[in-house]
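No experiment lies behind these values; they were computed from the predicted model shown. Throughout, residue positions are numbered sequentially from 1 according to the sequence presented.
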Amino acid sequence: MITITKLNRDQLIEIEGISIYGCPWSFTDNKWSSIPSNIDILLTHCPPYSIRDYSKLHGARLGCPALLNEIITRIKPQIHLFGHMHLCYGASLFKYEDNQFIQKINSDHDILFVNVAIQHGGTL
């Protein structure tokens, strides 16, 4: 049995060899640089730009470009879990050799992006 105590913000934990980092901030560029590199699972509140972040209400993508850049070029998690964009829930697997946007910024591995927001949580 795994027991998890209350986690602090911006904390790295390891559970059975899997590294997990949680960063609750939204659209705060200076926070992204403090996330460790090469972790297994990253949890953030907001989505990275262009990944499950489209707002019909605003007619635009509302994700964070700086977060996407850090994820693809430095952090390189296997999985990125986020929320905030309730109507864009679901998962997207981006394979670096197939995805045009990720190729442009020189990714060298696949990442599973999952928007875990509940479907009826908001209008964005």
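Side-chain atoms of Leu43 and Pro24, non-hydrogen and from C-beta on, never get closer than 4.5 Å to each other. Using a 4.5 Å heavy-atom cutoff, the side chains of Phe113 and Asn115 are not in contact. Residues Thr44 and His80 form a side-chain contact, since some pair of their non-hydrogen atoms from C-beta on lies under 4.5 Å apart. A 4.5 Å side-chain heavy-atom check between Leu112 and Asp110 finds every atom pair outside the cut-off.
Taking the side-chain hydrogen bond (donor to acceptor under 3.5 Å, both in side chains) definition, one finds that Ser34 meets it with nothing, sequence neighbours left out. Here Ile39 pairs with Leu12, Ser19, Tyr21, Ile35, Pro36, Leu42, Ile75, Pro77 under the side chain to side chain contact (heavy atoms under 4.5 Å, CB included) rule; sequence neighbours left out.
Listed here is the closest heavy atom pair of Ile79 and Leu81: CG2-CD2, 3.7 Å. The two residues Pro65 and Gly63 make their nearest non-hydrogen contact at CD-O, 3.3 Å. The minimum heavy-atom distance between Ser37 and Arg74, with the atom names listed, is OG-NH1, 3.0 Å. Nearest approach of Lys76 to Thr73, heavy atoms of both residues: CE-O, 3.4 Å.
Legend: salt bridge (charged side-chain N to carboxylate O under 4.0 Å, His left out) pairs involving residues 58-69, not counting sequence neighbours, sorted by first then second residue: Asp53-Arg61. The list of salt bridge (charged side-chain N to carboxylate O under 4.0 Å, His left out) pairs with a residue in residues 39-48, not counting sequence neighbours, is empty.
When Cys64, Pro48, Cys46, Cys23 are each tested for a side chain to side chain contact (heavy atoms under 4.5 Å, CB included) with Phe82, only one passes: Pro48. Under the side chain to side chain contact (heavy atoms under 4.5 Å, CB included) rule, Ile41 has a single partner from Ile15, Ile13, Ile18, which is Ile18.
Atoms CD1 and CD, on Ile111 and Gln78 in that order, are 8.0 Å from each other to the nearest 0.5 Å. Atom CD1 of Ile71 sits about 7.0 Å away from atom CD1 of Ile51, to the nearest 0.5 Å.
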